[in-house]
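Just so we're on the same page: letters track the sequence lines, and every chain starts at 1. Quantities reported herein were computed from a predicted structural model and do not represent experimental measurements.
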2 protein chains.
Amino acid sequence: MNIPQSVKWENDTILLLDQRKLPHVTEYMTLESVASVFEAIKSLAVRGAPAIGIAAAFGVALSALHHKTNDIDELKELVLMDSGYLSQSRPTAVNLFWALNRMNDVIIKTNSTKALREAVLAEALAIQAEDAEVCRSIGEHALELFQDGDRIMTICNAGSIATAKYGTALAPFFLAKERGIDLSVFACETRPVFQGARLTTWELMQAGVDVTLITDNMAAHTMKTKHISAVITGADRIAANGDSANKIGTFGLAVLAKSFGIPFYIAAPLSTFDLDTPNGDAIPIEERDPAEITHVNGLKVAPDGVSVFNPAFDVAPAELITGIVTEKGVIKPDAAAIAKLFN
Amino acid sequence: MNIPQSVKWENDTILLLDQRKLPHVTEYMTLESVASVFEAIKSLAVRGAPAIGIAAAFGVALSALHHKTNDIDELKELVLMDSGYLSQSRPTAVNLFWALNRMNDVIIKTNSTKALREAVLAEALAIQAEDAEVCRSIGEHALELFQDGDRIMTICNAGSIATAKYGTALAPFFLAKERGIDLSVFACETRPVFQGARLTTWELMQAGVDVTLITDNMAAHTMKTKHISAVITGADRIAANGDSANKIGTFGLAVLAKSFGIPFYIAAPLSTFDLDTPNGDAIPIEERDPAEITHVNGLKVAPDGVSVFNPAFDVAPAELITGIVTEKGVIKPDAAAIAKLFN
């Protein structure tokens, strides 16, 4: 089964799936320099917090390989500088800093150039392998929530290509396919950027998962007439009380799911929880460029000068969430259960 | 105030707003022949059931003007033939047949060529004036439901350019603007065909009404954070029990409105009620071309070969509808109140 991966380490280079060209062209860029990794992250060739972190970690591995000095202090300084440079490629990506901090910790501890070069590559591969394992665990736990023949709705792309492999919300569909369990997916196209239409359908089709594309405003009618069994989405940030921020449209799906009496699940690793954020009201909602809404593929779909409201995320409140699927199992979305995850 | 109209009779020709070119170009086509009216209806230059009926009625007036015979029997036959021809321009449009039947009744009763030519034009103008009056009445009744400062959400284009003038769901906004009452509109873009983005925003901006465009999946977050006061939409068909079919997405807005405790209104003329349809389950839901979803402006947004579900309409059940605004006033969406409308 072909489960697409967005970042691969091969022959001392990074192969990076150019997500900007999906679904029209499946093209892996070969990145051989720190600068090209920086540019790939900055230009959104790679997206998805874990995938960005992994790409940056391999970027540090490239740095260590390419600086030819045999002076360990000089090499440390050069590689740490490159790491700092990579951290500026997308300053709002928390996973980027997390991955680069792990790399920096490893760099600092080495005491030979050979050890440094080996250690940074090993650490980058470990970050990738750990993320794949976390996602696979999420998929295993999510799969227990579904039954053969279920029809499940999702939005955006909480998928394999946003992570090391498997994804979060999409992970159970790959595992089900591997095991001959029949799950059908209804993918909301996810305006304004069409991550559902462009990425989720493509990714599931690569693996032979049964997926049907709908526009976001078809969710209610589809839940009713196609007898949707459950909704599962990823999350960008989960507050201490279980309120979950995710791609715009998630909140509406949670309300609809409740109205139809079907479960609504969030799938996310522990790293998504932010215990310093007490609840959803404390999560800032980024507003993005109006042109994302007024233009599609560079062509206008709305009048010049129209007022636009373009929030990138919304918050599904804990009371609408049936369960949060983590690598440690499925928990109830409440402060006690979440606190227990971290004890 | 500029309230756009899609069909005007001027200097013995039809001026027809080419809605296919909106919002980029505001262009009125001059239609001087029955064939050009047929083509305009068929090619969707004019849309909206009342507007289509009005265009066809004026098409019959053109027919009577252009056939130069002085034989009343021959003229009747020629004009009735043209009327029959026009009825084939969009065979699923009920309003088209209704308007042409009214024209045919007038044609049959005349007994001179001069009387026929005068009568068909008078009848077409009457159909137009009556529709404008119906829409204005709907607007008056809807306006009573709103208060200065209200923020109201709508979907699709139940607007002036879909009718003779004013529209149905949009009528109160024009009347409010005329009277200095401050209403803000949040227009859902209405995938897949973008009637909200292309038409509703344009139409309201022409009249100086405050309108903000959102994508359909932003409805829940917008209701919550922008403190939406009410939702109002048009309807394509209203069953005897009040279940209302309208553009896909309407059902979802009705569920969200209920969840937020805000009223959800349908605005529609009596001609939209179909007492032979007992409830929403009896309303067939047309499924349209997958390319409407997979392509925007002719460019792909989804993988080749993806499965698509593309229902054009959905049904807001009566229990989610706060009131139906008609030209005779606002009624509760139940069988007794609807039956009473027609007694």
Out of [options], which one racks up the most heavy-atom pairs below 4.5 Å with chain B?
options	result
A220(A), S307(A), G249(A)	S307(A)
I248(A), L22(A), D314(A)	I248(A)
M205(A), K300(A), M218(A)	M218(A)
T190(A), L199(A), D210(A), T201(A)	T201(A)

**Complete:** Tightest non-hydrogen contact, residues N297(B) and V296(A), listed as ND2-O, 4.1 Å

**Prompt:** How far apart are the closest heavy atoms of P303(A) and P23(B), and which atoms are they?
**Reply:** N-CG, 3.5 Å

**Request:** Please determine, among V308(B), V255(B), T294(B), V301(B), the option with the most heavy-atom pairs under 4.5 Å with chain A.
**Result:** V301(B)

**Message:** Between F260(A) and chain B, with a heavy-atom cut-off of 4.5 Å, which part of the residue counts as in contact: side chain, backbone, both or neither?
**Reply:** side chain

**Request:** Please look at K226(A) and chain B and tell me whether the side chain, the backbone, both or neither of the residue comes under 4.5 angstrom of a heavy atom of that chain.
**Result:** side chain

**Prompt:** With side chains defined as the heavy atoms from C-beta onward, is the minimum distance between R191(B) and D216(A) less than 4.5 Å?
**Reply:** no

**Prompt:** side chain to side chain contact (heavy atoms under 4.5 Å, CB included) with F309(B): which of L213(A), T225(A), T215(A)?
**Reply:** T225(A)

**Message:** Please determine whether side-chain contact (heavy atoms from CB on, under 4.5 Å) holds for the pair K224(A) and V315(B), giving the CA-CA distance in whole Å, both sets of side-chain angles, and the decisive distance to 0.1 Å.
**Reply:** CA-CA 10 Å; K224(A) 181 182 175 191; V315(B) 175; 5.6 Å; no

